[in-house]
2 protein chains.
Amino acid sequence: MNHECSFLTDLGLRDDQVSFERASRDQHATDWATERISDGVSPDAVVWPESTDDVSRILAAATDHGVPVTPYAAGTGLEGHAVPVEGGISMNLTRMDAVLEYRPADFQIDVQAGVLGAAVDEHVGRDGLFFPPLPSSGEISTVGGMIATDASGMQTVKYGEVADWVLGLEAVLADGTVIRTGSRATKTSSGYNLTDLLVGSEGTLAVVTEATLELAGRPEQVRGGRAIFDSISDATEAIADAIGAGVDVAKIELLCDLSARMSNTYLETDLPDAPMVFLEFHANHGIDEEIALCEALFESHGVRAFEIGADRAAMDDLWTVRKELAYAILTYEEALEPVHHGDVTVPISAYPEIVGFAKALAAEFDVYVPCYGHAGDGNLHYTVLVDHDDPAALERAENIYDRVVRRAIDLGGTATGEHGIGEGKRRYMVPEHGAGAVGAMAAIKRALDPTGTLNPGKVLPDDG
Amino acid sequence: MNHECSFLTDLGLRDDQVSFERASRDQHATDWATERISDGVSPDAVVWPESTDDVSRILAAATDHGVPVTPYAAGTGLEGHAVPVEGGISMNLTRMDAVLEYRPADFQIDVQAGVLGAAVDEHVGRDGLFFPPLPSSGEISTVGGMIATDASGMQTVKYGEVADWVLGLEAVLADGTVIRTGSRATKTSSGYNLTDLLVGSEGTLAVVTEATLELAGRPEQVRGGRAIFDSISDATEAIADAIGAGVDVAKIELLCDLSARMSNTYLETDLPDAPMVFLEFHANHGIDEEIALCEALFESHGVRAFEIGADRAAMDDLWTVRKELAYAILTYEEALEPVHHGDVTVPISAYPEIVGFAKALAAEFDVYVPCYGHAGDGNLHYTVLVDHDDPAALERAENIYDRVVRRAIDLGGTATGEHGIGEGKRRYMVPEHGAGAVGAMAAIKRALDPTGTLNPGKVLPDDG
């Protein structure tokens with residue numbers, strides 16, 4: 001796995017832009033969830049470009065020398081996207097974190113890829129604007145990383161995913177060619193849509209260096225709270241009904257009763273031991289009517305309590321619970337660790353079925369499978385917890401994880417609603433898309449990156 | 001330009017699915033606006049596939065025989081998309097017009113590519129649903145054609161363009177491979193976004209055979225009317241201000257005073273001889289507040305009259321005027337015909353500038369240039385009318401048309417907001433996107449259609 005990378009010192013970069021040190025290389029060897037995927041890999045060198053021109057020179061030279069380049073942003077990915085599985089160069093883009101131009105009258109901002117998502121919101125907040133598809137990790141993850149995975153988050157049910165809010169990109173191809181995609185016009189029918197091709201391509205087709213993002217105006221009315229159900233099937237059927245009826249909700253998050261218990265342990269919260277739905281409504285007019293419509297639909301599914309308050313602090317507490325849930329799950333029992341991070345997404349009418357399926361497997365095999373997620377999108381996050389020192393249990397857990405993904409695909413859904421394929425979900429590419437579509441993706445990969453320089457071993461299966 | 005197409009009779013198609021007759025070939029030689037672009041071309045054969053399998057067999061055989069295939073739908077394109085400029089086969093997809101599956105609880109419908117846009121609305125209207133991005137031609141144009149150009153329409157300012165409402169596709173590659181793209185899940189981060197790559201690719205990468213469309217719920221409140229201004233700059237500045245303030249408007253269409261006079265002549269309407277803005281508001285709550293906000297902003301730009309009624313019939317009359325405007329322009333003076341159909345789109349803040357630029361050129365050269373369009377998107381339709389028998393005038397008209405496109409690109413906009421590139425706008429691809437991005441598009445074209453079978457001579461410039 002050793003690649004000779006000394007050419008990096010001949011590219012006119014400063015000393016502090018290149019490192020061959022063990023410590024730097026180790027820092028760029030993992031992401032948030034890759035111990036089980038790519039144990040023991042490490043880049044041969046780390047570079048920190050500070051301009052598009054730096055990116056271009058590094059890529060051109062790497063391609064010339066046959067050295068792979070894996071883009072690295074905040075390292076918060078959950079599928080090994082940023083892990084340099086074939087060694088070579090880890091390209092850390094976090095120094096390219098400038099806001100370039102802000103055009104509030106057009107609801108647009110141009111940023112470099114390394115800017116934090118939360119920094120965008122901070123920059124535009126004074127004008128009452130915000131970047132709606134920010135994921136839960138938005139305070140620590142970069143715009144470039146969000147673009148790489150086509151991330152989404154709690155507000156996607158109302159506002160859409162990252163792809164819906166990217167108007168154009170600057171990106172660098174493997175050979176160093178700098179391209180611009182898209183337009184500042186909010187619609188265009190001019191040429192192939194390279195923007196949406198690059199969004200979600202996980203740094204395998206080009207390195208995104210800049211983005212033109214669209215912004216939205218903050219709603220005048222915001223109210224939120226929670227609904228408590230007697231059973232998870234009541235909760236998921238209520239959600240599917242509300243979405244199917246077109247209720248205008250901005251966040252609608254599921255927490256199963258096990259998730260609630262885990263939160264109580266970790267966060268010392270006092271949640272009821274019951275399935276819950278956390279809700280938030282955004283509107284400029286008529287928010288009470290939307291809340292009433294939602295309540296009526298939830299009542300038809302036997303909701304035990306429907307508590308929508310006007311207290312902003314209490315509402316923020318709920319979202320803290322939701323954001324911290326992943327940590328609560330990881331620490332619930334010391335011996336138990338997750339296999340993967342389930343991220344399946346199905347049509348909303350199939351949401352009760354996929355959640356019920358996951359819970360039935362948990363009961364059948366007597367394992368912890370907390371179920372939560374962006375329910376309004378049909379997005380289920382589920383975590384199979386297991387003692388990794390017990391090979392039989394580990395195999396069972398892998399099997400449960402796998403069966404839920406395959407059921408989601410059978411239901412017309414996707415292996416990943418927002419985390420991306422990375423290294424970990426490549427085995428689901430052909431089951432989900434079919435060999436023909438995966439073959440077309442591979443042809444595009446070869447066309448734009450014929451030497452296979454960019455992020456090898458990701459997205460496409462090995463036989464793609 | 002003659003291609004031997006007799007192999008079409010060996011593919012198991014019925015006699016009425018293949019024609020080599022002059023009349024059929026001539027019917028497939030033009031679209032709505034190609035006399036000036038591709039005079040005298042004609043396909044060597046016309047085929048009417050009735051299934052995806054038919055499409056696959058025809059494409060595989062055509063690729064084997066080195067014969068080009070140009071998809072043909074309703075023929076309503078304005079840039080020669082469906083014109084077989086290199087002869088070969090015209091593939092008419094209008095017989096593939098079935099609604100395949102309708103899933104109202106998921107706001108989804110699966111249709112074949114040849115179904116008319118209006119037929120989708122008709123099918124789902126009983127449930128209070130509709131397909132929002134339908135273009136003005138929706139009653140006579142097909143879903144496949146709308147997908148080919150990434151069409152949009154009067155409601156795009158509120159609801160988005162066709163690409164925003166396509167969840168997935170079935171398509172056939174040049175070699176006959178049938179692929180499925182996208183997902184029934186409303187969001188996915190799984191693999192490259194082939195759906196949005198194919199939407200807007202004008203049949204040059206694959207032939208789209210089926211689509212999964214998303215639907216929206218009809219708004220409970222609809223009100224509309226018109227605003228009259230003293231000058232076109234007042235009108236366009238009022239529009240830019242209203243959009244920049246986030247007014248929730250569903251249609252916001254500009255008509256210049258010349259357009260109004262043309263309508264009065266052709267439709268015998270009684271419009272004032274003044275620039276106007278036609279408006280429609282959609283909401284479930286608070287429609288009066290949005291109308292009041294719009295009125296206040298328009299008043300700050302000196303609106304002469306702001307007339308929003310509750311009379312549905314009067315409102316429908318306005319939209320008839322708007323839809324018929326293209327015909328009014330064509331018939332205004334017998335000796336005058338348009339050069340091209342301007343479709344530039346700019347960031348909304350630049351809308352006053354691009355409209356003013358077009359009008360200034362019209363005044364400078366003393367020619368008719370009616371300006372209208374989907375103003376809320378920054379989309380300007382302009383038509384330069386000229387006596388085509390006067391070479392000097394024709395050259396002047398071409399120059400005016402061209403300068404407006406180039407100014408739009410300089411303003412960060414696009415040569416085409418919704419009509420597509422076809423044959424007519426290929427010369428603007430490099431000025432708009434740069435050689436790097438066009439090179440990447442050409443690489444994708446070669447990867448998916450290495451023999452150049454599909455719709456040659458479209459989208460990409462010859463040196464691409």
Side-chain angles (χ1 to χ4, degrees), chain A residues 103 105-106 108 149-150 152 156 161 173 177-181 183-194 196-197 199-201 217 244 246 284-286 289 345-349 377-378 412-421 429 432-434 436-437 440-441 443-444 446-448 459, chain B residues 103 105-106 108 149-150 152 156 161 173 177-181 183-194 196-197 199-201 217 244 246 284-286 289 345-349 377-378 412-421 429 432-434 436-437 440-441 443-444 446-448 459:
Chain A
R103 299 180 296 278
D106 289 319
Q108 292 178 17
T149 57
D150 188 12
S152 51
T156 291
E161 62 207 283
L173 301 178
T177 303
V178 179
I179 66 172
R180 286 199 165 268
T181 75
S183 173
R184 289 185 183 176
T186 59
K187 71 179 191 185
T188 171
S189 291
S190 177
Y192 304 156
N193 188 341
L194 296 180
D196 282 339
L197 178 66
V199 173
S201 67
N284 289 334
H285 317 287
E289 289 91 327
T345 306
V346 296
I348 193 64
S349 66
D377 304 325
T414 177
T416 173
E418 53 183 29
H419 294 168
I421 294 293
M429 285 293 285
E432 178 170 346
H433 300 285
M441 293 181 201
I444 291 167
R446 287 190 299 271
L448 296 185
V459 184
Chain B
R103 300 179 294 279
D106 289 319
Q108 292 177 18
T149 56
D150 189 12
S152 51
T156 291
E161 61 206 284
L173 301 177
T177 302
V178 179
I179 66 172
R180 286 199 164 269
T181 75
S183 173
R184 290 185 184 176
T186 58
K187 70 179 191 186
T188 171
S189 291
S190 178
Y192 303 156
N193 188 340
L194 297 180
D196 282 340
L197 178 65
V199 173
S201 67
N284 290 334
H285 318 288
E289 290 89 329
T345 306
V346 295
I348 193 66
S349 66
D377 303 326
T414 177
T416 172
E418 53 184 28
H419 294 167
I421 294 293
M429 286 292 286
E432 178 171 345
H433 300 285
M441 294 180 200
I444 291 168
R446 288 191 299 272
L448 296 185
V459 183

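Note that the structure is predicted; figures quoted are calculated from it, not measured. Reminder, nothing fancy here: chain letters follow the sequence lines and each chain counts from 1.
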Find the one option among [options] whose heavy-atom pairs under 4.5 Å with chain B are most numerous.
{"options": "A:P347, A:G191, A:G420", "result": "A:P347"}
{"options": "A:T149, A:I421, A:L173, A:T156", "result": "A:I421"}
{"options": "A:R180, A:R184, A:K187", "result": "A:K187"}

Contact origin within [X] toward chain A - heavy atom pairs under 4.5 Å:
{"X": "B:L194", "result": "side chain"}
{"X": "B:V459", "result": "side chain"}
{"X": "B:M429", "result": "side chain"}
{"X": "B:T177", "result": "side chain"}

| query | Roughly how far, to the nearest 0.5 Å, is CG of A:N284 from NE2 of B:H285? | reply |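 Result: 11.5 Å between the selected atoms.
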
Side chain of [X], backbone of [Y]: donor and acceptor closer than 3.5 Å?
{"X": "A:S189", "Y": "B:D150", "value": "yes"}
{"X": "B:N193", "Y": "A:L197", "value": "no"}
{"X": "A:H433", "Y": "B:S190", "value": "yes"}

| task | Please assess A:I444 against B:L448 for the test side-chain contact (heavy atoms from CB on, under 4.5 Å), listing each intermediate value before the final yes or no. | result | CA-CA 7 Å; A:I444 291 167; B:L448 296 185; 4.3 Å; yes

Name the member of [options] that forms the most heavy-atom pairs with chain A at distances under 4.5 Å.
{"options": "B:G417, B:G244, B:A437", "value": "B:G417"}
{"options": "B:G412, B:S201, B:G436, B:S152", "value": "B:G412"}
{"options": "B:Q108, B:R103, B:E289", "value": "B:E289"}

| said: On a heavy-atom basis, which atom in B:A447 and which in A:A447 lie closest, and how many Å separate them? | reply: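 In terms of heavy atoms, the two residues are closest at CB-CB, 3.6 Å.
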
| message | Checking side-chain polar atoms at under 3.5 Å, does A:S183 have a donor or acceptor matched by the opposite partner on B:T414? | response |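 No, no side-chain donor-acceptor contact under 3.5 Å.
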
| Exercise: do B:D106 and A:S349 side chains pair donor with acceptor under 3.5 Å |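 A:S349 and B:D106 do have a side-chain donor-acceptor pair below 3.5 Å.
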
| Hey, are the side chains of A:T186 and B:E161 touching, using non-hydrogen atoms and a 4.5 Å cut-off? |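 No; the side chains remain at least 4.5 Å from each other.
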
